[in-house]
Amino acid sequence: MSKPSLWLRCEKKEFERRAALTPTTSKKLIDAGFEIFVERDDQRIFDDSEYEAVGCKLVDNNTWPSAPVDKPIIGLKELPESTDPLPHTHIQFAHCYKKQAGWVDVLSRFQRGGGTLYDLEFLNDANGRRVAAFGYHAGFAGAAAGALAVASQRKGEKLGLLKPFENEDAMISAVKAALGGSGKGFKALVIGALGRCGRGAVDLFRKIGLDEDDVLKWDMEETAKGGPFAEILDVDIFVNCIYLSSRIPSFLTREQIISAGKGRRLSTVVDVSCDTTNPFNPIPIYAINTTFSAPTVPVDVGTENPPLSVISIDHLPTLLPREASEQFSSDLLPSLLEFPNRDTARVWTEAKELFDKKVAEAVEAA
């Protein structure tokens, strides 16, 4: 009987340095009887030699399309756009189950190729909670990027290239330095503050020196009345960390911002949730995802009003790639150990049922 296996593919998204499998988790899988193939990748935060040292089998970069079909392919971000059928089993974030832009095309590739998608966003435990998520580091990094954007705006500049930090301490030091030594003096609002992502954002703000009263922590109770919320205009930075599952009233609108005129304090919005192309996006003031090379997009608020920018980077945790990868991969490990029994293990059977349902919806929509 052949060993269970996983094939770690390279990431093609620009600046993406995280990995779904780290050398640490790869070794634990190998010790449990798995065979782990790792594509060589200079972009990944972990060196190829770190994987080789724990017993992984290195293969050439981006060769997963020609890998044996019985090798499940694991990665993080979406595959490059293509019309090629997908015959493999893929474990990844596909960003296509909420009818995001191009969702039918993505799912049709699996349908035509006979492959299967196990979307990492929808691997849930028995209580319906995600077994692994980058939420904490997304919130932490998003808050840091937002604070850097505020610092740039105060100097009359635009936030430039963002590069991954070696570790959390380096990120905190850089943000403090940009703000003149401390975050004291500016105010932040986090919506979704009780979730993983929101807790990460709140922790960053505290670690750069904001007082308890300067970080407004909102969750379902505070937003139950329905937006738009005037309170958002009275802080320097608004960080959206909610998990969007249905249409809700907008938190903030362009009309509301323009009506506030010069009395608005808000200068930066960080949409960590990044539902940019989701028709239910509760922050309909921007229309594009931003990138590490161009982190902000200006909102058209009129020439007479103070500037407002949005950060909508959809892979923020890669600003802390090593720490974020280790935490995520460690949380995912128990489910991966069950993957050889995916036809009976609940976390995988439920994910497969959801995939089949979404493929049927895509076929109907095509």
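Side chains of Ser250 and Thr253: no donor on one and acceptor on the other come within 3.5 Å. Between His137 and Gln327, the side chains place a donor N or O and an acceptor N or O closer than 3.5 Å (distance only, hydrogens not considered). Using modelled atom types, one finds a donor on one side chain and an acceptor on the other under 3.5 Å when comparing Glu16 with His315.
Counting heavy atoms from C-beta outward, Phe165 and Pro321 have side chains that stay 4.5 Å or more apart. Looking at heavy atoms from C-beta onward, Phe251 lies in side-chain contact with Ile242 at the 4.5 angstrom threshold. Put simply, the side chain of Pro317 does not reach to within 4.5 Å of the side chain of Phe140, judged on heavy atoms. At least one side-chain heavy atom of Leu252 sits under 4.5 Å from a side-chain heavy atom of Val269. A 4.5 Å side-chain heavy-atom check between Tyr118 and Val347 finds every atom pair outside the cut-off. The closest side-chain heavy-atom distance from Phe292 to Thr318 is below 4.5 Å.
Checked by atom type and distance alone, the side chain of Glu304 never pairs as donor or acceptor with a backbone atom of Gly302 at under 3.5 Å. For Gln92 (side chain) and Leu120 (main-chain N/O), no donor-acceptor pair under 3.5 Å exists by modelled atom type.
Between Phe122 and Tyr97, the gap from one ring centroid to the other is short of 6.0 Å. Trp218 and Phe229 have their aromatic ring centers within a separation under 6.0 angstrom.
One finds a salt bridge joining Glu35 and Lys57 here, because a Lys/Arg side-chain nitrogen approaches an Asp/Glu carboxylate oxygen to under 4.0 Å. Salt-bridge formation is detected for the pair Asp314/Lys13: a Lys NZ or Arg NE/NH1/NH2 atom is positioned less than 4.0 Å from an Asp or Glu carboxylate oxygen. Comment: Glu350 engages Arg346 in a salt bridge, judged by a side-chain N to carboxylate O separation of less than 4.0 angstrom. Taking a cutoff of 4.0 Å between a charged side-chain nitrogen and a carboxylate oxygen, Arg322 and Glu50 qualify as a salt bridge.
Residue Leu159 comes nearest to Ile311 through the heavy atom pair CD2-CD1, 4.4 Å, listed as atom of the first residue, atom of the second, then distance. Closest of all the heavy-atom pairs between Leu179 and Arg154 is CD2-NH1, 4.4 Å.
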For a salt bridge (Lys or Arg N to Asp or Glu O under 4.0 Å) check, start with the C-alpha distance between Glu231 and Lys225, then their side-chain angles and the critical distance, and finish with the verdict.
CA-CA 13 Å; Glu231 295 93 331; Lys225 63 183 179 182; 3.3 Å; yes

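The side chain to side chain donor-acceptor pair (under 3.5 Å) analysis of residues 195-210, with sequence neighbours excluded, yields the pairs Tyr136-Asp203, Glu168-Lys207, Arg206-Glu212.
The aromatic rings of His90 and His88 sit perpendicular to each other, their planes meeting at more than 60°, with 30° as the lower class boundary. A parallel orientation is assigned to the rings of Phe134 and Phe328, their planes being inclined by less than 30° (bins at 30° and 60°).
Of the options Leu337, Leu21, Thr25, Ile74, a side chain to side chain contact (heavy atoms under 4.5 Å, CB included) to Leu332 is made by Ile74 and by none of the others.
More than 12 heavy-atom neighbours from other residues, nucleotides or ligands sit within 6.0 angstrom of CD on Glu157.
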